[in-house]
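Lettering of chains follows the sequences in order, A, B, ..., and the numbering in each one begins at 1. Worth knowing before you read on, the calculation uses all heavy atoms, side chains too, and leaves out hydrogens, waters and symmetry mates.
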Protein chains: 2
Amino acid sequence: MARGRRPGTSSSREDIAGAARTQFAELGYDRTTIRGVAAAAGVDPALVMHFYGSKQRLFIETMQLPFDAPALADELAAGDRATVGRRVIEYLLAAWEQPHTRALFVGRARASASEPEAAKLLRDQITRELIGPLARSIGADRPELRAALVSTQLIGWVFARWILEVEALRPLDVEQAARVLGPALQRYLVEPLD
Amino acid sequence: MARGRRPGTSSSREDIAGAARTQFAELGYDRTTIRGVAAAAGVDPALVMHFYGSKQRLFIETMQLPFDAPALADELAAGDRATVGRRVIEYLLAAWEQPHTRALFVGRARASASEPEAAKLLRDQITRELIGPLARSIGADRPELRAALVSTQLIGWVFARWILEVEALRPLDVEQAARVLGPALQRYLVEPLD
DNA sequence: GTCTATAAGCAGATAGAC
DNA sequence: GTCTATCTGCTTATAGAC
């Protein structure tokens, strides 16, 4: 067991990060303000600047995904190729049910709509770190196109379900949604495309 | 032929509308400013307010779709049920190739990420005016869910192709993209969902 | 680590002259 | 229909005391 007082004299840095994630997810990039984040975290706005330097760096440093994307891609690619689409969507749908993880994805999607840097971040993470490696790992033809197609469906789900909040999608639980979306991803990932 | 001078002494109103559409599409809602639109249209900012009253009304009045959605839904629903998915995506992909029409869809998607009113507008138009009626017209079970699923794929395509600008999607022409996306929409619209 | 004070700028909206 | 001038409020960011 750790004894004595841990380094750092307060939890302000993490309080700020948590408040930032919530606000980026709910308000988008532009409407999230340093002042608003500071107020929600119960600190002075200047302290936010002290820790993160700028609004853009606050976004980048607090909105990183908490898992190792390439490793996850390998894990999902391993196993039966006939059910890989289902595994992918099931993993992500479960992740999006958790408010903390969902905030990261929704915040990134919202920010991408107005902040080009955020769009680049999302695009690269999708094509280069998660879905891209996954598609290559599977060994199908045209992996870049397949990864991009999978991404369209994933982004569209996040946008419709959590940003537009389309009513008809709400009653679906993870298993039902996976059953509906799985075949689409399966086709994009491994089946002949035309 | 119409003779004489038409009513209205200038094209300022339409100049403003055109500039607004372009900026909403490229910058999103928050970063589009009355002042910026006025500058692009070559008029005074106060003139924008004179014509449209507020920024929100400028958005709503200039970003209306130029076609009659319910009528289009009927038109697309008529014909072979086995190819309706293909007809829908072909029509929309062709529409999105035209910069003027594309600006409306992209602008609405961008705005929906930050402005709740814009999200409501997009959600209602999708579920109540275009895809919803289409799904009901076809006569499949669970039309609301089917319409919502179709919407996820359509929004995801617009977002990935025109906002994230994913490289792998760019080389596809209308016909190629329709061949890839058609089966997904076809399944969401008429095939058994699980 | 935390705060006060403030710089410097841009936003939407209004009033009213012409 | 068009413009000038301005109000009011907000933003990110900096400098520096404690």
For residues 48-58 of chain B, which residue pairs qualify under salt bridge (Lys or Arg N to Asp or Glu O under 4.0 Å), counting only residues two or more places apart or in two chains? B:Arg57-B:Glu61

List for me each residue that meets side chain to side chain donor-acceptor pair (under 3.5 Å) alongside B:Asp173, sequence neighbours excluded, and say none if there are none. none

Expected string for nucleotides 12-18 of chain C under the B/S/- scheme (protein heavy atoms, under 4.0 Å, primed atoms plus P, OP1, OP2 as sugar-phosphate) is BSB----

Selection from C:dT2, C:dC3, D:dC3 that lies nearest to any side-chain heavy atom of A:Ser10: C:dT2

What is the distance, rounded to the nearest whole Å, between atom CD of B:Gln23 and atom C1' of C:dA11? 14 Å

Write out all pairs satisfying side-chain hydrogen bond (donor to acceptor under 3.5 Å, both in side chains) with one or both partners inside residues 184-194 of chain A, taking only residues at least two apart or from two chains. A:Tyr188-B:Gln153, A:Asp194-B:Arg179

Whole Å only: how far is the CG atom of A:Asp44 from the C1' atom of D:dT14? 13 Å

Report the distance from atom CG of B:Leu58 to atom P of C:dA11, rounded to the nearest whole Å. 14 Å

Of the options C:dC3, D:dT2, D:dC3, whose atoms approach the side-chain atoms of A:Leu47 most closely? C:dC3

Kindly determine whether B:Thr83 and B:Arg87 satisfy side chain to side chain donor-acceptor pair (under 3.5 Å), including the steps that lead there. CA-CA 6 Å; B:Thr83 56; B:Arg87 283 201 299 283; 2.9 Å; yes

Rounded to whole Å, CZ of A:Phe51 lies from C1' of C:dG1 at a distance of 6 Å

What is the separation between atom CD1 on B:Ile16 and atom C1' on D:dC3, rounded to the nearest whole Å? 13 Å

Donor-acceptor pairs under 3.5 Å, side chain of residues 32-48 of chain B to any protein atom, not counting sequence neighbours: which ones?
| unit_1 | atom_1 | unit_2 | atom_2 | d |
| --- | --- | --- | --- | --- |
| B:Thr32 | OG1 | B:Gln23 | O | 3.0 |
| B:Thr32 | OG1 | B:Phe24 | N | 3.4 |
| B:Thr32 | OG1 | B:Gly28 | O | 2.7 |
| B:Thr33 | OG1 | B:Gly36 | N | 2.8 |
| B:Asp44 | OD1 | B:Ala46 | N | 2.9 |

Residues forming a side chain to side chain donor-acceptor pair (under 3.5 Å) with B:Glu97, sequence neighbours excluded: none

